[in-house]
Amino acid sequence: MTTVSSDFLRIIHDRGFVDACTDTTALDALLREEVVSAYIGYDCTAPSLHVGSLVSIMLLRWLQKTGHRPIVLMGGGTTRIGDPTGRDDARRLMTDAEITANMAGIQSVFAKYLTFGDGPTDARMVNNADWLSTLSYIPFLRDYGRHFSVNRMLTFDSVRMRLERETHMSFLEFNYMILQAYDFLELARRDGIRLQMGGADQWGNIVNGVELGRRCDGLSLFGLTVPLITSASGAKMGKSAQGAVWLNAEQLSPYDFWQFWRNTEDADVGRFLRLFTELPLDEIARLEALEGAEINEAKKVLAHEATTLAHGEAAALAAAGTARAVFEQGGVGEDLPTVTVSADDLAAGIPAPALFTRAGLTVSNGEAKRLIKGGGARLNDTVLDDITRMVTDADLKDGEIKLSAGRKSHALVRVS
RNA sequence: GGAGGGGUGGUCGAGUGGUUAAAGGCACCGGACUGUAAAUCCGGCGGGGUAACCCUACGUUGGUUCGAAUCCAACCCCCUCCA
């Protein structure tokens, strides 16, 4: 491994953030000399970001902590094109209204991880719709299109994969990499941004931007990618019992977020502690050395630290408290998902499968019945084996009813 | 524009007139074993119904037939070759 001496590169190397860099030595020198502005682009394809993006967010956080300036680029313009990277079919074109709504959700995530403002190392947020949507076709082609070799573009993974698999790729999508490259040039011109970072799958797009900067303006730009994070058993990271692991509390409760980290595979604990927490490396080394059931302590630390960053310490402690009550004492906790039913409904009796669905533990009555038949459903911690069972106010214990789907998913029913 | 191939469930991929809600794999959800881990094994895996059963589904729309994912027609889209 290359020896680096700048704080930023040293830390991110040691913590396992670096997949590839266009010129480590020169970037290291630059980082020692001046405050470097670096950006990462995020497309607005969903109303929040999920843990897949968290590695890059932590990277921006370290950048800021080591005295540099992080720039968050919202892909308001490029999202209208659709990045073909890693996909073998075109994205559904999104409406401007969807993109705008998604952008608002994504912006709120960054406020928790970065300090925004006007100071030299304060983070800033920019939107590429500001310059992309006003481009004129002919001038753009003459000024920038001539720097792109189609022969070369065809060799990039994102395009080659489509060609090899013989799946359709529209000219619209083909242009994505050109626009992303142009973003880098535009940001370099506007704000002197020198470095673009991103996921390993963005390598080709990033290199295009570095080269465009050199060809057009003789700029010395840099690219750095972080590895795609998969779990030790090979699965793409980011699934919880409720689906994707979103970073917004509205999409995924802090309790479920905490649970996601608590359920990390043993083999991933050390790596995840380095990537997703800011604990000192010697402390992490101690935690990951724990054996057998002891390593659960390390998972709790991971859950606490990661949840504190995303949702604040109070939410992390509350989640831990609920988890302790539910898993270690077999009780209930305030953070469990709650559904309220009317007193009349409950007095009349609610079929158990319907109640499981209303509580969000199952998505349909059929699934709830299957859960019951399979022995995975519990009512107040007692296995429920009758799909015709009616749940009534007689089932209330201390004013609530605890429903469980499997060992890990629980919900509370209360009367309004 | 011409010729040929193809569009199947979350995904990959079988299936060419009836027991096909559609083989198999993956993903996912339960159960057992555990440590709220991994691996392994078992079960489930469109919707509604206690059930009998009903509804929806194999690119789209029509048609043939007692009966269609399977046959026919038109249309849409993708791939390959030719011009």
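Values below: all heavy atoms of this structure, side chains included; hydrogens, waters and symmetry mates excluded. Below, chain A is the first sequence line, B the second, and so on; all start at residue 1. All values reported here derive from a predicted model rather than from experimental measurement.
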Closest-nucleotide 5' rank along RNA chain B - winner of A/Ala405 and A/Asp266: A/Ala405
query: At under 4.0 Å between heavy atoms, what does A/Gly366 touch on the DNA or RNA strands: base, sugar-phosphate, or nothing?
result: sugar-phosphate
query: What nucleic acid atoms does A/Thr264 come within less than 4.0 Å of, heavy atoms only: base, sugar-phosphate, or nothing?
result: sugar-phosphate
field: P spacing across the pair B/G46 / B/G9, given as an integer number of angstrom
entry: 14 Å
- request: Can you tell me, in whole Å, how much space there is between the C1' of B/C58 and that of B/U70?
  value: 10 Å
- prompt: Which is true for A/Ala323 with a 4.0 Å heavy-atom rule: it touches a base, it touches only sugar-phosphate, or it touches nothing?
  reply: base
- prompt: Which part of the nucleic acid, if any, lies within reach of A/Glu367 when heavy atoms closer than 4.0 Å are counted: base, sugar-phosphate only, or nothing?
  reply: nothing
query: Is a side-chain donor-acceptor pair under 3.5 Å present for A/Gln180 with A/Gln202?
result: yes
task: Could you give the distance separating B/C53 and B/G62 at their C1' atoms, to the nearest angstrom?
output: 30 Å
task: Considering only atom P, compute the distance from B/G43 to B/C79 and round it to an integer number of Å.
output: 42 Å
task: Report yes or no: is there a donor-acceptor pair, N or O only, under 3.5 Å between the side chain of A/Asn365 and the base of B/G48?
output: no
- prompt: How far does the P atom of B/A52 sit from the matching atom of B/A38, given to the nearest Å?
  reply: 36 Å
- prompt: On a whole-Å scale, what distance lies between the P atoms belonging to B/U64 and B/A73?
  reply: 15 Å
field: A/Lys369 side-chain N/O to B/G49 phosphate OP1/OP2 under 4.0 Å
entry: yes
query: Which value, rounded to the nearest 0.5 Å, describes the distance between A/Asp143 atom CG and A/Ile138 atom CD1?
result: 11.5 Å
message: From the set B/G31, B/G35, B/A37, return the single nucleotide nearest to any side-chain atom of A/Arg407.
response: B/G31
task: Look at all strands and tell whether A/Arg370 reaches a base, only sugar-phosphate, or nothing, counting heavy atoms closer than 4.0 Å.
output: sugar-phosphate
- prompt: Atom CH2 of A/Trp258 and atom C1' of B/U36: how far apart are they, to the nearest Å?
  reply: 9 Å
task: Report the nucleotide, chosen from B/U36, B/U50, B/G30, that has the shortest atom-to-atom distance to any side-chain atom of A/Leu371.
output: B/G30
query: Among B/G30, B/U50, B/A37, which nucleotide sits nearest the side chain of A/Ser409?
result: B/G30
